[in-house]
Protein chains: 2
Amino acid sequence: MREALAPESRPYHHGDLSRALVDAARRLLESEGPSALSLRAVAREAGVSPAAPYHHFKDKGELLDAVAQQGWDILNVAMTAARATALSVQDKLTSLGVAYVQFAREHPALYRVMYDASRDKADLPAHFHADNDSAYCQVRDTLIEAGASDDEVELELATNAAWCAAHGLAEMAAFKQFDHLKEKLGGEEAFLRGVFSHLGIFAGTASR
Amino acid sequence: MREALAPESRPYHHGDLSRALVDAARRLLESEGPSALSLRAVAREAGVSPAAPYHHFKDKGELLDAVAQQGWDILNVAMTAARATALSVQDKLTSLGVAYVQFAREHPALYRVMYDASRDKADLPAHFHADNDSAYCQVRDTLIEAGASDDEVELELATNAAWCAAHGLAEMAAFKQFDHLKEKLGGEEAFLRGVFSHLGIFAGTASR
DNA sequence: AAGTTCATCTTGACGCCGTTCAGATTGGAG
DNA sequence: CTCCAATCTGAACGGCGTCAAGATGAACTT
């Protein structure tokens with residue numbers, strides 16, 4: 001009767017509350033925004049008492065960490081797809097950037113949680129540099145592919161630069177000040193590509 | 001038992017609570033961080049009852065707006081100074097970027113409030129494009145000075161690109177993942193200039 | 001089949017939050 | 001000196017994160 005769709009979770013009899021809470025949190029996040037994401041509201045949404053989550057997460061922050069982790073997973077998938085469908089090697093990097101910003105624009109609340117969770121720890125998720133298909137590593141590998149310097153420090157600086165530009169753009173694109181630019185350029189993607197075209201590493205100019 | 005900690009005295013005999021509250025908020029922000037910034041705590045710090053602020057600000061958000069405004073003012077001053085002391089025209093833009101990020105690094109809590117206040121309104125402060133010595137306008141003017149395209153759309157895209165890069169870097173530089181890079185390059189400013197050197201518009205790659 | 005165990009979930013409480021409102025206070029205009 | 005309007009207080013409301021203690025019931029024994 002119950003579905004064992006989760007790779008790993010409560011092998012025990014009762015409901016898989018841990019996952020149910022994360023799902024409820026994401027549902028609330030999409031429908032009501034980040035400000036409505038209280039622990040009590042999540043418990044309510046999942047149909048349990050306000051104290052129930054504490055048997056699965058140390059505190060609210062740990063629940064949010066789990067939500068954020070799902071966000072990073074989704075982002076990685078989106079960027080893998082973008083990288084695969086890019087036309088030229090040059091285009092790959094810009095497409096990665098556009099995919100990144102579009103993810104942030106489509107899931108603004110989730111995107112916020114992802115960085116808030118990191119910020120409180122002054123630390124990005126562990127998989128950030130480690131996992132080979134992490135968004136970060138994909139940017140770095142694409143830079144190599146595009147003929148970036150193989151000096152390790154330079155490569156890391158370049159990857160960081162690309163990431164910063166995309167992250168900054170993701171936050172800026174939310175402000176309506178730039179709506180007239182998007183209109184003038186014929187849509188958000190054109191706007192994003194326009195901004196990226198001014199940022200060296202995205203412009204196809206291989207960094208030295 | 002009141003403390004006359006403010007340099008300037010209160011013109012009226014009964015306090016200039018409005019300013020006192022903003023000062024108290026900034027004091028709390030520096031000492032305890034953004035999470036400790038409750039309206040009640042601010043009132044406590046200012047020595048008034050929890051309801052007193054409501055005679056000067058519609059709600060907590062409006063108080064935060066006033067705090068944020070002070071932040072933008074400080075940032076504008078810092079960037080004006082950076083622009084004035086830059087060596088070459090090329091160096092000006094990078095120096096502006098470095099000044100921006102360093103402001104964010106020196107006042108992380110204030111920087112956060114500045115953008116949080118904007119985000120809730122989906123709108124940047126009014127002076128952003130308007131005031132001539134706003135940080136944004138200074139970046140744009142420096143781009144013109146450096147010989148950027150005079151096409152208005154292109155210019156706005158370029159300014160936006162520069163801002164995004166700086167904003168992204170400001171947030172990224174807080175993560176300790178990049179500490180080893182800073183060490184390897186001999187300090188944070190060198191790290192920042194290194195990242196900027198990979199971003200087209202910050203073309204002047206001269207390091208100090 | 002019955003009893004025991006133990007993770008899970010609920011109830012109720014604590015202190016803090018933002019916000020409201022009725023009433024006390026008070027500086028200054030008349 | 002009186003009165004007004006602006007300012008401030010105290011108490012209250014509902015919501016929050018969190019915790020301690022008790023109830024529940026599936027799974028493991030025997």
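Naming: A, B, ... by sequence-line order, numbering from 1 per chain.
Regarding B/Glu32, its CD atom lies at a distance of 14 Å from the P atom of C/dC16, rounded to whole Å. Distance NE2 (A/His55) to C1' (D/dT24): 12 Å, rounded to an integer number of Å. For A/Arg44 and D/dG14, the CZ to C1' distance is 11 Å, given to the nearest whole Å.
Sorted by first and then second residue, the salt bridge (Lys or Arg N to Asp or Glu O under 4.0 Å) pairs with a member in residues 60-69 of chain A read A/Asp65-A/Lys121; sequence neighbours excluded.
For the pair A/His56 and C/dC9, the criterion of a side-chain N or O lying under 4.0 Å from OP1 or OP2 is met.
Among the nucleotides D/dC16, D/dC8, C/dT8, the one closest to the side chain of B/Ala52 is D/dC8.
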N/O to N/O distances under 3.5 Å, protein versus nucleotides 18-20 of chain C:
| residue | atom | partner | partner atom | Å |
| --- | --- | --- | --- | --- |
| C/dG18 | OP1 | B/Leu39 | N | 2.6 |
| C/dG18 | OP1 | B/Lys60 | NZ | 3.2 |
| C/dG18 | OP2 | B/Leu39 | N | 2.9 |
| C/dG18 | OP2 | B/Arg40 | N | 2.9 |
| C/dG18 | N7 | B/Arg40 | NH1 | 2.4 |
| C/dG18 | O6 | B/Arg40 | NH1 | 2.8 |
| C/dT19 | OP2 | B/Tyr54 | OH | 2.7 |
| C/dT19 | OP2 | B/Lys60 | N | 3.0 |
| C/dT19 | O5' | B/Tyr54 | OH | 2.9 |
| C/dT19 | O4 | B/Arg40 | NH1 | 3.4 |

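Looking at A/Glu171 and B/His167, their side chains do bring a donor and an acceptor atom within 3.5 Å of each other. There is no side-chain donor-acceptor pair under 3.5 Å between A/Gln138 and A/Asp133.
With respect to B/Glu145 and B/Arg83, a salt bridge is recorded, a charged nitrogen being found less than 4.0 Å from a carboxylate O.
Ring pair A/Phe128/A/Trp163: centre-to-centre distance below 6.0 Å.
When the side chain to side chain contact (heavy atoms under 4.5 Å, CB included) test is applied to A/His127, the partners found at least two apart in sequence or on another chain are A/Gln69, A/Trp72, A/Asn76, A/Pro125, A/Asp131, A/Ser134.
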